[in-house]
Structure formats: C-alpha cells, structure tokens
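Residue numbering restarts at 1 for every chain, and letters A, B, ... go by the order of the sequence lines.
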Amino acid sequence: MPELSKSYEPGAIEARWAEFWVKEKLFSVPTPPPGETRPVFTLLLPPPNVTGSLHMGHMFEQTQMDIMVRWHRMRGFVTLWLPGMDHAGIATQLMVERQLAKEGKKRRDLGREKFIERVWEWKKHYGGRILDQMKRLGASVDWNREYFTMDENLSRAVREVFVRLFEEGLIYRGKYIVNWCPRCETAISDLEVKHEEVAGKLWEIRYPIVGWSEFITVATTRPETMLGDVAVAVNENDQRYKQLHGKNVLLPLMNREIPIITDELAQPEFGTGAVKVTPAHDPNDFAAGKRHNLPQIDVMDLNARMNENAGSYAGLDRYEARKRVLADLQEQGFLVGEKNHALALGKCDRCGTVVEPRLSEQWFIKIKPLADRAREAVESGEITIVPDNYRQIYLNWMTNIYDWCISRQLWWGHRIPAWTCEGCKEVIVAREAPTRCDKCGGSKLEQVSDVLDTWFSSGLLPFTTLGWPEKTRDLEVFYPNLLMITGFDILFFWLARMVMFGCHFMQGHEQDAAIKQASGEGDKKNDSVPFRHVYIHALVRDADRQKMSKTKGNVVDPLDIIRRFGTDATRFTLAAMAAPGTDIAFNENRTEGYRAFANKIWNAARFMFMNVDHVKQRIGPSQSSQQIGISGFTNARMEDRWILSRFNRAAADVRTALETFRFHEAANRIYDFFWGEFCDWYIELIKPRLVSEDEKTYAPARANIVNLFETSLRLLHPVMPFITEEIWQAMYDGAPPFKSIALTGYPESDWRQSDPAAETEMAILQDLIVSVRNVRAELKVEPKAKVPIELFVHEPDIRRMIEQNQGAVERLANVEAISFVDRTPTGKGTSRSTSRFDVLVIYEAKVDLTAECERLKKELEKIEKGIASGQRQLGNEQFLAKAPQNVVDNLRKQQQELALLREKTEGKLKELSCV
RNA sequence: AGGCCCGUAGCUCAGUUGGUCUAGAGCGCUUCCUUGACACGGAAGAGGUCGAUGGUUCGAAUCCAUUCGGGCCUACCA
C-alpha cells in the first residue's frame, strides 16, 4: 500500500523530483538516426543573460514552454528543448567593472587580456545561477546540450558568419553618426535607445552675415553643438532667405566663416526656417553635410566632453558647455529667443545616460537584402505568428528598417575578425588571424578592438547550436525548430534577427522529409526559416498592473512564491492567467487558490489509496502508454458512463486549447473537471460501491477510480508536473511501467466513450439534488436531519433513471425516502420545479412566507423576462427567416420550458397566497 | 506624429468566428456544517447589463464610429 503523507507539502516533493529528472537525464535527446518516422518538436530556450537571476517573466515564459514541451513529448514527438545562456556584452562587462571599482580599479588598469580573464572568473562564480533556478521550475530541457554563446564552437560560427557576410558585401565599415553612450563608451543600436519625452527649449541664435549688417536667425535645441557648425541651411523655396543664397555667416563664439546653403533639411514652417548644420553631431546634418561636401567638426570626446575643437570650451561636460555657450551668446547679443519645446530624448537602454549622436568608425550590416527575405517568410505563411497582431508589427518593422550597427567598443564579446595592417592601414577580414598583409606584405597586424553586438551571436543560435557550419544530422532533424516562444520586447532584437540570419545562411537547407511530414509541416516549402511557428507571450506585471522593475521595488520573486505555495501552484497560476495577448497582473491570491487545488488532488489521491488495495494489479503498464480515452474502465452504472463521457470531453477541449496556445483554457478546463466533476460528484457517487463487501460491486468501482485518476494525472501533468509525478509513482508502488509520468502518453479523447444520454441524465440528477439542498437550506433544516420528499417526474424514462439512482439522491441530498407521485405534489413543505420534475420537501417548519414569496416573485420576473425576449424574437419574421434553424429550434424548446415553469411558479405563488 | 492594446461582479480575470449569455470563474462576502479524502474542505446564497454615446443587424459584452479613462510600442523635424 503506497503512502502519501497526510498533508500536502509541495516543497519536499518538488525538490526531489526536480533532482530526479535532471539526474536520470530523462529529457536528453539523442540525435535520431536516418529512418526516424516519429514527429519532431524542437524549441530553443531564449537564452537568459549570464548575469540574470530568475524573475517572474522567466518563470511565466518557461512555464508556457514547458507545458508545450511536455505535452508534445507525451504525444510521442521526439522532443528537444535546448537550453543555454547569453554572454550579454554590456551587462556582464558592467558587472565586472563594478566589482573592480570596489577594489579601486578600472578595466583599463588591467588591460584587455586580464579583464577578460576576470570576466570568465566572474562567470564561473556568479554566472548561470538562473539555470539552476530553472531546474527548480521543472523545466524539462536537455541539459546535455546546454550552450553558452561564447563557447568555442559557437564563436567559430560567429566568425564564419561575419566573414561570409563581409565577402558577400553585406558588411561594411565606415564613419557614420551612431548612437553613442558616453558612459558605456560604446556605440549602441537604434533598438538600444529608449526615447523619453522631456520639456526642452528651442533657442534662437542669430548669426551675422559676412559683409552685411544683417543677421540670420537659426533655431536649435542643442546650442553647445554650434561650436561644430559648418553651415547654415535654408530652404531653396523660402522667399525670406532668397537674397542670402551663397552668402557666408560668421559663426559666433568661434569666429569662423561658414556658408549659407540651400537644402531640404531646412523646413520653412519650423522655427525660423533656418537651421544650423553640424554634421558631426546630428544624423540629419550628417546627411546634409554629405550632400554638400561639408567638413565634419567633432567637438566632443568619447565621454561627451568638449574637445580641443571646441576652442575655449574644451574640457567642459556637454551640459556645462551648453550653459556657458548660452551665457556667452546672451552677453554678446546673439541669443534672441527662447521657447519651450517638447522633445524626445534618447537614453541608453542599459544605463539611462542620454545618448549622443556621434561620428565614429563602425561596422554595419546592409540590412535590406536580409530583411526582404525575412519579410517574405512571414508574408507567405512559412512562419506563423500568434497572436496575429504581432505579425503586422513584425512586417512593418522589416519594411522600415535601417542598417544595423554591429560593432561595440567593449571588451567582453565576440571580437570582430578583422585586422589592421600597421604599415598600409589595410583592413583584412579573415576566419583566423592572418600572418601578413595581402596588400603590402607587412607582418605587423593588429586585430580590430571592437566586439560584436550581443544580438549578432544570439541571432544565429537556431542553427549554430545544431552544429552549423557543418552539415550535421542534428540540423537535418531539428532545423527548423517547430516553435519559438518569446516576449514581444525582444521581437526585433532577437526574433527578427534570427529570421534574417536563418533565411540567409540556411538557404537551400532541407529538413529530413519523413520527419517534416510526420511533424505536420509537410506542406511547408521553405526549410531555411529558423522556426515554423512563433508564439508571443504577454508580460507579467505586479498586482497593480505596473511593470515589475528593481528600481520600483515591486518585483515579485518567483522563488519566494514557490516557497510559499509550491511550484505546481505557481505554474498553474501563470498558465491559468496566460490568455494570449493580454498582460497578466500577478496576484498571489490566485496562487493560493491553486495550491488549494493541488491540495484537493492530493487528498483525492489519499482517498483513492485508502479504498483500493491492489493498485499494481489494477493498472497494467499498457495503461500509461494508452493515448485514446480511458482503458480498464467499466460502465457499470450511469455515473460511470457520465464521468467517462465528461473526461473525454475535457481531454478534447484541452487539446484544442493547447493547439491554439490558450493555456488558460486548458488549465481551467482541467481544474473544472478534476474538482467540479471528478471530486465533487463522481467520488461522492461511488463511495458506497467502493466500500461494498461484494466484489462484483467494489471491483469495477475501484478499477474505475484508479484508471480515471491515472489518466487524469497524465492530462494535468504538463501544467503541474510535480504533484502528478508524485501520485503517479505512488500508484505503482515503486514499480512504474515507465521511469516517469513525463514519458507516458497524453490522453486523447475517444468519441466512442462519449455518452450524451448519460450527461443529460446526470444533469437532471444533479438538478434534483441541488433543488432539495436548496430547499433544505432555505427551511433551515437541521443538517443531519433526513427529510422525506415527494417527487413527480414528468417522463417515465427519467423517472426510471431516478429510481435507479434513488440511493444517490437520498445520500447526497440527505433525503429519508422518496415517494414518487403522479402529479405536482402539494402539501406541507416547500417545493421546487424544473421543466422535468417537481419536488416537494416535506418539512414542518415555520416557512418564512415573505422570503419564499419574495424568491418566487424574483424567479417569475426572470422567467417572464426570458419569455418576453424569446417571444419578441419568435414573433419576428426576419428572425425566423434569417436565423439558423438550430438557433430557432433551441429558442422554441427553451420557450416551452419557460412557459411550463411560469405556470408552476404562478401556481405556487397562488398556493402560498403571496401578494 | 503614427500604430497597438485594455476598460465585464468589491478585487483579479475568462467570455474563439455576433445567436441556449436569462453574462462565467477564483478570491473576498453572507448563512450553515468539524459527517473517516480534503476547513488549503463541504452545502446554500448575495452581487455585474458588460466605460459612455450613436450606429450596423432579425439578434451585440462580442462588429463599426465617436468619446472618456488607463497602458504600451514605433518616430532623425532642428
């Protein structure tokens, strides 16, 4: 006899099974050899940052992934969930820099080599905590295949990609304006800039025209950059400035002569219609400068301090310089206006420093050719995106995309595989370090110091983790991934880049045809895509819908929630709230409720074990691999047929829900079945049979509860892996037919086990029992007192059914004896009516007449409202003509029932002489 | 500036293509019950007309328009 502890304590159970799953390598997937005919399911874990620790967002994402993964595995897919970690360039470097700061050191004090060593050291000690935490969540990943983006094989692939793109002319180097973070001292991509609306000023400055006693007034939000002005632009068609074309102005403070040019940069409607041109500090000015062959005067250094080009302002911070410039202009009479002006200020995503547009030498990817194919893949449906609105967002982005700056002036990351020849300054791009310069033959070559954007390497993961650039069997089997689950916040950063790189580098790839077919993707034409389907999940917020953030201090720690309620309850909460497209406000009240659910299951299991002696013999190993319906089940009585039918209905609903990523529906459906039907009704109904002395009575009942329970555990397992494993293992008393419930089959509904008649009959029986309970409560009948009832059942078949289940009614409604009568009973007591039966609870008590009348009136009102609206519709010819037949039929049937109920209710009102 | 999402019981949320929705669940609330699986339980209840207005339709919480309130994303107008 298996023993379950008296109370449900998730902590102990979960830690034990989490360890077991990892130790037994249950989820490791050997590469299927050629000839494999099973379907294959591959999912790549969005690699958490090596610096990260688990937060609710991770747990939410991983719960949904694990549900999908376990579900597919149980359905017989060869299932690979591939885990790994991202080296996270800026974030990690920041971490180690902070550590150094405590020792009073800067990274430059160590030098590059030593610094990188320190980072690896750091990684060894502090990195990857998150992956250990994942184990506690029960994430069924293949730990044997764990990767790190800086692993040697992945790094080699990165170099390969870089060189190929360069050779194809898709990577170029040049001096352009990029987003520069003066604190991180590196370029960042457009995506890493967060715009924030701030109240700024628009200053008007007049520049004296050389040779005239006139001025031209320009408007600017950044006066300090005027030190680098090289021209003033006006619009060619602007009549106000026609006479100034070709003149020069004298730049105040710098006393430099610069030309007035005509350019579309200047829009007559804005400001004064004249704009200063500063090519080194503004992307638009940069473009204008190119058009007019203007010089570029950079007046700042890499920390956004004014440099030697800024004359007397050299050495000042950009904001200090602004103050001084404005003061000086004011003093000299050049500042003529100051207006309030709202502007969107760009800030560094990492550190919040205001980004400076900076002219610098960087590496870029020519994005258009890649983006075109990536757009095609989604437009054609080769990749599907759920929810649908993200599809459009993706397509828009792919259409309005700019070249991607991939170089970063950091030390931690994949170093760009390019070398500069000291002699002739030639830049050589190569897979391995070259020994001499192709151009001048010089042998003094130094590698470019920049590293690559972190997303450059993570964008390659779908194929590099499977052995690319080799043509491996892994690629043949597992590429494309069947699914990608991720958040919209990295839709562009990551997902878009994976599609671009995948479509480019995997062009011509073909997945193993048999596997592709078996996986249900046989109609797909393009196997270069990194994944077939994308599901974008929502965001977890706090109970007040606020984004969780450390600075706000509203972060909910999943491990804390887990400690208090268990992983299963936490997972269930997240699943139950995961309606596609809607952010979830995490509220631990829900989790508390789902822990109660787990407790309910626990106790139902204890009840089962108390009543069943030889579990092992009852459940053969064939049972757990059985996927269709429930086997070993005997339809001895109506409740058996009923629960069997309900189970199959639930299984069908769960399948539909999971197929469409409606996790909340799946979770709720199982919850309702398990608690509302299995526990509340079925177990109650079969209790007498279970304890019967007669083997013919107890044997099928025991077999039924065991088989039903076992199959239900399998249905629930993807959502609540721990408790289901614990009970399932206990059912086999140490000798399970499989190592884990995770390796059994997932229940599918069997239409032959559906029984609509039983469902209808049971509904009537439930109606009857609830009616009696309701009356008892209203009459305040002593809970223990049994009462007699009189029952008039309209149809003979139903009467027979109730007669057969008389015992159940007596027990569950606490009824003493049922007298079946031939007409609506009247007499002492209170009655209830439905369209199928009238029941009178005989109880001599001071009936609260006022309350009963009140109730009846309210009921009548509701009935009449229903009748009125129904008749309005049925009296409408348009409705009869246009509405579908079944809607009309149902309404008619419903109207007949309502009419009957109205008659009965009115009768009762009269009987009680209600006013 | 453009685009997207949300507004349903006290609270947190479901409600797929408009039709058994006479709008559901959990928590909370009220009354009763410690009956051998479970008080993390059982039984019975109260509670919303679906932000507002107008429209389409035989029929709208569900579609359209406007509006109010809340949130988000994208954008190089100095």
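- The existence of a salt bridge linking A/E861 and A/K857 is excluded, since no basic side-chain nitrogen approaches an acidic carboxylate oxygen closer than 4.0 Å.
- Remark: A/K687 is not in phosphate contact with B/G36, judged by side-chain N or O atoms under 4.0 Å from OP1 or OP2.
- The residue among A/N389 and A/P783 whose nearest nucleotide of RNA chain B is located toward the 5' end is A/N389.
- Here A/H664 reaches the OP1 or OP2 of B/G15: one of its side-chain N or O atoms lies under 4.0 Å away.
- When heavy atoms are screened at a 4.0 angstrom cut-off, A/Y390 is found touching no nucleic acid atom at all.
- The distance between atom CZ of A/F286 and atom C1' of B/A78, rounded to the nearest whole Å, is 17 Å.
- In terms of modelled atom types and a separation under 3.5 Å, the side chain of A/R206 and the main chain of A/L335 share no donor-acceptor contact.
- Residue-to-nucleotide contacts include a donor-acceptor pair under 3.5 Å from the side chain of A/E684 to the base of B/A37.
- As the counterpart of B/G48, no nucleotide is assigned, since no Watson-Crick or G-U wobble pattern has both distances under 3.5 Å.
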Checklist line | Base-contact (B) and sugar-phosphate-only (S) positions in nucleotides 21-31 of chain B, heavy-atom cut-off under 4.0 Å, - elsewhere | finding: -B---S-----
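- Going from atom OG1 of A/T278 over to atom CG of A/D285 covers 5.0 Å, rounded to the nearest 0.5 Å.
- Pairing for B/A25 is with B/U12, a Watson-Crick or G-U wobble pair whose two hydrogen-bonding atom distances lie under 3.5 Å.
- Both A/F597 and A/L343 lie near RNA chain B, and the one whose nearest nucleotide falls closer to the 5' end is A/F597.
- A salt bridge links A/E588 with A/R564: the closest approach of a Lys/Arg side-chain nitrogen to an acidic carboxylate oxygen falls below 4.0 angstrom.
- The side chain of A/K858 has B/A46 as its nearest neighbour among B/U16, B/A78, B/A46.
- Taking 4.0 angstrom as the limit, A/K201 places none of its side-chain polar atoms (N or O) nearer than this to OP1 or OP2 of B/A78.
- A/E859 and A/R832 are not joined by a salt bridge, as no carboxylate oxygen comes within less than 4.0 angstrom of a charged side-chain nitrogen.
- Neither OP1 nor OP2 of B/U74 sits under 4.0 Å from any side-chain N or O of A/H195.
- Counted by atom type alone, A/T567 and A/E14 present one or more donor-acceptor pairs between their side chains at under 3.5 Å.
- Within residues 877-886 of chain A, the residues approaching RNA chain B are A/Q878, A/F879, A/K882, A/A883, A/P884, by heavy-atom distance under 4.0 Å.
- Between A/K786 and A/E816 there is no salt bridge, since none of the side-chain N atoms of the basic residue sits less than 4.0 Å from a carboxylate O of the acidic one.
- Side-chain contact check for A/D889 and A/Q885: at least one donor-acceptor pair (N or O, by modelled atom type) lies under 3.5 Å.
- Counting non-hydrogen atoms under 4.0 angstrom, A/D680 reaches the backbone sugars and phosphates but no base.
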